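Just so it is clear, the model here is predicted, and its values are computed rather than measured.
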Amino acid sequence: MTPLARLLARRISATGPISVAEYMTECLLHAEHGYYSRRDPFGGAGDFITAPETSQMYGEIIGLALAQAWIDQHRPTPFVLAELGPGRGTCMADILRATRSVPGFTEAAEVHLIEASAALRERQRRKLDNERITWLDSASELPDAPLFLIASEFFDALPVRQFVRAEAGWQERLIGVHGDRFVHGLSEPAPLAELERRTADTRPGDLVELRTAAGAVIAAVASRLTRYGGGALVIDYGDWRSLGDTLQAVTGHRYVDPLAEPGLADLTAHVDFEALAVAAADTTPSSLTPQGVFLERLGITARANRLAKTLGGSALEEHVAAHRRLTHPQEMGSIFKVLGLTPNGAPPLPGLDP
Ligand code: SAH
């Protein structure tokens with residue numbers, strides 16, 4: 001058993017089974033043994049490669065999209081440029097480099113990073129050592145100002161609760177211990193107001209995921225957008241509506257059993273974009289757009305061709321593979337989706353349809 005597994009098993013024996021969300025929270029963010037608290041999991045030598053780590057083009061295009069949105073909204077100055085869950089800081093570094101050519105943008109930007117992991121904050125500090133950055137624990141601490149924000153593979157790391165539809169009400173999927181293994185069980189059925197929107201499209205036995213913590217984050221972002229203007233880009237894997245168990249664990253670029261080694265594997269679940277749009281009540285959500293389509297509309301192929309001219313040998317091969325990985329429907333192009341949020345009446349974000 002991992003050290004975290006021993007702690008969780010003791011807690012479950014003392015106070016009873018825990019929810020999938022409690023399990024995820026401990027596995028990812030436990031101060032000592034949590035996956036993100038312990039180390040930097042990204043990159044080829046780590047456990048998985050995210051979009052900004054795949055190619056500089058990703059952050060560049062996001063930066064230029066946010067800068068165009070800033071121009072479309074008459075260049076509010078100053079404004080907050082924010083990222084939720086910035087990982088290694090690569091995306092923000094690429095955003096800041098690409099937008100340096102946009103007159104006035106960098107000077108007006110007050111960069112804020114929302115990051116829970118002390119280890120990753122340190123990593124971001126080193127990556128962005130020439131920039132003025134403010135770190136925050138939560139989106140609710142964002143200043144009252146126009147807000148241009150990116151969240152890329154952030155929401156998938158927020159914990160989900162899982163519920164199985166019963167004849168009447170819902171049963172929560174819980175995690176208990178049996179010997180030295182963690183096992184799933186179900187609570188007694190009970191009605192659940194948050195899942196009323198799902199009674200029409202589910203049947204007894206269906207499993208639905210609920211990401212309670214996402215609502216507060218989105219509400220904090222949306223309230224700044226409606227009051228001060230701006231725009232938010234949420235990019236993640238998932239769909240308009242969640243259905244089924246999507247909890248997954250990855251370590252060393254392989255899928256593993258989510259209950260097998262708590263704290264040692266990354267745990268995520270697909271994002272329910274409809275739930276985010278519902279939580280962003282007073283803003284206008286864009287159409288949910290595949291990442292490949294979004295990046296192509298914003299000219300990733302032209303950018304890729306230009307970069308290719310400066311490369312040769314294995315660097316060129318890697319660059320071509322990275323372009324494919326970000327955009328191809330069988331790689332990140334389709335399963336990853338982009339949702340834009342803008343104040344009512346503002347122009348849609350570049351690359352996204354109303
Ligand atoms: N956006 C980056 C990293 C994605 S991993 C990339 O695409 O490469 C998820 C990130 O969210 C990590 O930086 C992790 O530490 C952070 N994170 C996870 N849960 C969080 C929470 N509750 N509050 C703030 N940051 C969190």
Side-chain angles (χ1 to χ4, degrees), residues 40-68 83 85-99 101 127 150-157 233-240 246 248-256 265-266 268-271 273 286-340 349-353:
D40 167 9
F42 309 105
D47 289 322
F48 54 90
I49 303 182
T50 58
E53 303 301 332
T54 301
S55 167
Q56 67 184 74
M57 297 187 290
Y58 182 78
E60 290 172 350
I61 285 177
I62 286 165
L64 294 173
L66 292 178
Q68 184 61 52
E83 180 166 5
R88 284 179 165 178
T90 307
C91 190
M92 186 52 77
D94 293 334
I95 289 174
L96 292 171
R97 191 185 59 256
T99 52
S101 57
K127 180 92 194 180
I150 169 74
S152 184
E153 287 196 59
F154 168 74
F155 284 100
D156 66 53
L233 281 171
V234 177
I235 309 183
D236 226 309
Y237 44 110
D239 247 306
W240 184 243
T246 72
Q248 65 179 44
V250 170
T251 181
H253 302 272
R254 279 186 312 110
Y255 291 106
V256 294
D266 185 39
T268 59
H270 283 199
V271 171
F273 285 94
S286 71
S287 308
L288 190 61
T289 304
Q291 172 174 303
V293 172
F294 172 75
L295 294 174
E296 290 294 355
R297 283 180 182 164
L298 295 179
I300 193 170
T301 298
R303 177 70 181 132
N305 289 339
R306 247 185 86 187
L307 274 175
K309 294 208 176 77
T310 67
L311 300 169
S314 63
L316 179 60
E317 273 169 39
E318 274 167 35
H319 170 65
V320 171
H323 175 223
R324 185 187 147 88
R325 183 168 151 76
L326 289 177
T327 56
H328 196 279
Q330 273 156 15
E331 303 215 28
M332 298 177 88
S334 292
I335 182 152
F336 279 73
K337 313 267 187 332
V338 187
L339 179 72
L349 296 174
L352 299 176
D353 293 325

Mind listing the closest non-hydrogen atom pair of [X] and [Y] along with its distance?
X      : Y      : result
Pro350 : Ala65  : CG-O, 3.4 Å
Gly238 : Lys337 : O-NZ, 2.9 Å
Ile61  : Gly299 : CD1-C, 4.4 Å

How many angstroms lie between [atom1] in [X] and [atom2] in [Y], if you round to the nearest 0.5 Å?
X      : Y      : atom1 : atom2 : result
Ser286 : Leu233 : OG    : CG    : 8.0 Å
Leu349 : Leu298 : CG    : CG    : 10.0 Å
Leu352 : Arg297 : CG    : CZ    : 7.0 Å
Ser55  : Arg324 : OG    : CZ    : 15.0 Å
Thr54  : Glu331 : OG1   : CD    : 9.5 Å
Thr99  : Leu66  : OG1   : CG    : 9.0 Å

Show me the side-chain donor-acceptor pairs of residues 287-295 shorter than 3.5 Å, one per line, residues at least two apart or across chains.
from, atom 1, to, atom 2, distance (Å)
Ser287, OG, Pro354, O, 2.8
Thr289, OG1, Ser287, O, 3.0
Gln291, NE2, Leu326, O, 3.0

Pairwise side-chain contact, Leu311 with Glu318, heavy-atom cut-off 4.5 Å (strictly under):
no
Just jot down the side chain to side chain contact (heavy atoms under 4.5 Å, CB included) partners of Ala269, sequence neighbours excluded, or say none.
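Counting only residues at least two positions away or on another chain, Ala269 forms a side chain to side chain contact (heavy atoms under 4.5 Å, CB included) with Val160, Glu209, Arg211, Thr246.
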Side chain to side chain contact (heavy atoms under 4.5 Å, CB included) partners of Arg97, counting only residues at least two apart
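Counting only residues at least two positions away or on another chain, Arg97 forms a side chain to side chain contact (heavy atoms under 4.5 Å, CB included) with Gln56, Glu60, Asp94.
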What residues form a side-chain hydrogen bond (donor to acceptor under 3.5 Å, both in side chains) with Glu296, not counting sequence neighbours?
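Thr301.
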Can you list the residues that meet the side-chain hydrogen bond (donor to acceptor under 3.5 Å, both in side chains) rule with Ser152, with sequence neighbours excluded?
Tyr58
Keeping to residues at least two apart or across chains, list the ring pair (Phe, Tyr, Trp, His ring centres under 6.0 Å) pairs with something in residues 305-338.
Tyr237-Phe336
Counting N and O atoms only, with roles assigned by atom type, does the side chain of Asp236 sit under 3.5 Å from a partner on the main chain of Val271, one being a donor and the other an acceptor?
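No; zero donor-acceptor contacts below 3.5 Å.
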